[in-house]
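Notes for the one structure printed next.
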Amino acid sequence: MRQAVLVEPEHIEFREVPDLTPEQLSDNEILINVKKIGVCGSEIHSYHGEHPATFYPVVQGHEYSGIVVAAGAKVTKCRPGDKVTARPQLVCGKCGPCRRGQYNVCEELRVQAFQADGAAQDYFIVPEDRLVKFPDDFSMEYGAMIEPAAVGAHSVSRAGDLTGKNVVVSGAGAIGNLVAQFARAAGAKKVLITDVSDLRLETAKKCGIENTVNVLKTPLKEAIKEVFGDEGYQVGFEVAGVESSIRSLMETIEKGSTIVVVAVFAKDPQLSMFFLGEHELTLVGTMMYLHEDYLRAVEDIAAGRINLEPLVTNRFPFEQYNEAYKFIAANRDRNMKVIIDLEA
Ligand SMILES: NC(=O)c1ccc[n+]([C@@H]2O[C@H](COP(=O)([O-])OP(=O)(O)OC[C@H]3O[C@@H](n4cnc5c(N)ncnc54)[C@H](O)[C@@H]3O)[C@@H](O)[C@H]2O)c1
Ligand SMILES: [Zn+2]
Ligand SMILES: [Zn+2]
């Protein structure tokens with residue numbers, strides 16, 4: 001089978017390795033024929049040598065969809081021919097967070113494509129407990145986008161009940177876009193998404209997020225007044241990863257409200273702790289997802305509550321993995337989600 005290995009930054013090597021076969025499966029494992037892989041923002045950092053926790057050489061690919069080829073003797077969740085994906089989280093099952101059901105923050109967490117090998121090859125083996133099945137008519141491209149969608153679903157779950165609340169999402173990249181869509185699907189009253197790129201805001205509109213503002217042109221405070229009137233907003237999501245973004249959320253959100261920090265900050269922001277206390281704000285972290293977030297993502301996408309179509313910007317055949325990264329680097333805000341097609 002083919003395998004793409006990121007041997008060192010900016011260098012993916014294509015190898016021919018022995019096929020994985022049904023004979024290798026243990027009782028609870030499933031053999032998948034990988035069909036589509038989404039390229040993730042963090043993998044772009046690994047590709048350029050800017051991800052501090054990537055172990056090279058590594059097989060990338062943790063956003064993928066495939067078809068079940070064979071299942072171990074005790075597998076009950078799926079059958080050959082089923083469309084599936086699986087969570088990429090390898091956890092210990094023994095630490096405090098794991099015992100509490102917070103295995104997404106396992107003390108020994110390893111993520112496939114970063115600290116363990118991922119799915120950038122023709123066949124991949126996964127255990128049943130991390131497997132998620134799609135409906136038969138589900139798009140395989142959407143299947144490859146369940147992972148980022150699950151990030152959106154989990155981020156939104158971290159804010160508690162959104163029913164009847166107004167929401168601001170700061171940052172309209174793929175993740176911010178999905179956070180905004182899941183916030184709406186979770187019952188938010190009105191959702192306003194912000195960015196500094198008109199292109200990204202246009203994509204948000206195509207996904208059905210009506211309220212957008214380019215904060216380089218209109219101050220957030222003005223946009224909030226225009227969209228929410230005197231109601232203000234009660235939940236914020238920081239998905240841009242820059243100081244000005246988190247600061248403006250803290251300064252404009254209603255007192256006593258919650259801000260979920262989704263973005264990974266390359267540089268720590270300077271924030272007023274006085275302000276945090278005086279306004280009794282709650283700042284909440286969020287890390288990847290739980291299994292139920294994958295299930296929620298599949299359900300909401302299948303039901304049409306989340307629109308992924310405008311997010312797919314380009315497709316590259318497997319052999320052009322390197323070209324895909326070069327395209328992304330040359331088209332920063334034009335690119336939302338690039339799909340590697342193993343069948344092309
Ligand atoms: N918490 C998690 O589990 C998790 C999972 C995946 C990704 N992430 C993080 O989420 C963040 C977003 O991911 P992405 O793939 O969408 O990244 P991205 O870089 O595509 O999106 C960030 C967006 O923020 C915009 N932006 C920049 N300055 C802004 C400002 N002042 N106000 C509003 N918007 C501004 C950018 O134009 C861009 O569109 C990243 O930091 C990523 O590492 C977190
Ligand atoms: Zn990802
Ligand atoms: Zn653990």
Side-chain angles (χ1 to χ4, degrees), residues 37-46 50-51 60-64 85 87-114 118-119 144-156 158 168-180 192-204 212-220 223 236-249 260-267 269 284-290 293 311 313 328 331-338:
I37 301 174
V39 178
C40 166
S42 306
E43 287 176 327
I44 298 169
H45 290 307
S46 300
E50 293 158 358
H51 191 283
Q60 295 193 292
H62 65 284
E63 307 180 358
Y64 59 94
T85 186
R87 281 183 295 111
Q89 297 149 308
L90 307 182
V91 305
C92 78
K94 295 180 196 133
C95 69
C98 275
R99 288 201 311 271
R100 291 196 299 271
Q102 291 175 290
Y103 50 85
N104 58 320
V105 285
C106 168
E107 299 284 3
E108 310 285 334
L109 179 69
R110 290 182 306 138
V111 180
Q112 289 178 321
F114 300 95
M145 293 163 77
I146 295 301
E147 196 267 358
V151 171
H154 189 70
S155 304
V156 165
R158 297 285 295 147
V168 172
V169 178
S170 184
I175 299 294
N177 179 302
L178 287 161
V179 167
L192 167 66
I193 193 164
T194 83
D195 209 287
V196 292
S197 152
D198 285 333
L199 270 171
R200 299 220 141 167
L201 295 171
E202 272 167 37
T203 305
T212 65
V213 61
N214 186 329
V215 288
L216 286 183
K217 298 177 186 167
T218 308
L220 182 59
F237 292 93
E238 203 306 302
V239 207
V242 295
E243 181 172 311
S244 61
S245 161
I246 178 93
R247 285 179 78 106
S248 54
L249 285 176
V260 181
V261 181
V262 184
V264 176
F265 279 72
K267 189 170 169 279
V284 180
T286 181
M287 174 61 175
M288 300 183 85
Y289 29 68
L290 297 168
D293 298 306
L311 296 180
T313 37
I328 292 166
N331 295 276
R332 280 281 177 213
D333 73 339
R334 207 164 280 282
N335 155 67
M336 293 292 278
K337 183 56 70 184
V338 166

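Each ligand, and each atom within it, is numbered from 1 in the order the structure gives.
When each atom of ligand 1 is checked for a heavy atom of V239 under 4.0 Å away, the hits are 11 (C), 12 (C), 22 (C). Taking a cut-off of under 4.0 Å to the non-hydrogen atoms of M287, the atoms of ligand 1 that pass are 3 (O).
The residue from R247, M336, R332, R200 that puts a heavy atom closest to atom 20 (O) of ligand 1 is R200. Of all the listed residues (N335, V260, V264), V264 holds the heavy atom that lies closest to atom 42 (C) of ligand 1.
For ligand 1, the polar-atom distance check finds an N/O of A174 within less than 3.5 Å of one of the ligand's N/O atoms. Among the atoms of S245, none of the N or O lies under 3.5 angstrom from an N or O of ligand 1.
In this structure, A263 is part of the shell of residues with a heavy atom less than 4.0 angstrom from ligand 1. Ligand 1 does not have D333 within reach: every non-hydrogen atom of the residue lies 4.0 Å or more from it.
Look at E63 and the Zn ion (ligand 2): an N/O/S atom of the residue is under 2.8 Å from the metal.
In terms of protein heavy atoms, atom 3 (O) of ligand 1 is closest to M288 N, 2.7 Å. Scanning the protein heavy atoms around atom 31 (N) of ligand 1, the nearest turns out to be S244 OG, 3.4 Å.
When distances from atom 17 (O) of ligand 1 to the protein are checked, no heavy atom turns up under 4.0 Å.
To the nearest 10 degrees, the angle centred on the Zn ion (ligand 3) between SG in C95 and SG in C106 reads 120°. The OE1 atom of E147 and the SG atom of C40 subtend an angle of 160° at the Zn ion (ligand 2), given to the nearest 10 degrees.
Checking Y64 against E147 by side-chain atom types alone, no donor-acceptor pair falls below 3.5 Å. If you check the side chains of H51 and E43, you find no donor sitting under 3.5 Å from an acceptor.
A salt bridge is defined here as a Lys NZ or Arg NE, NH1 or NH2 lying under 4.0 Å from an Asp or Glu carboxylate O, and E63 with K337 meets this definition.
Of all N/O/S atoms in H62, NE2 sits nearest the Zn ion (ligand 2).
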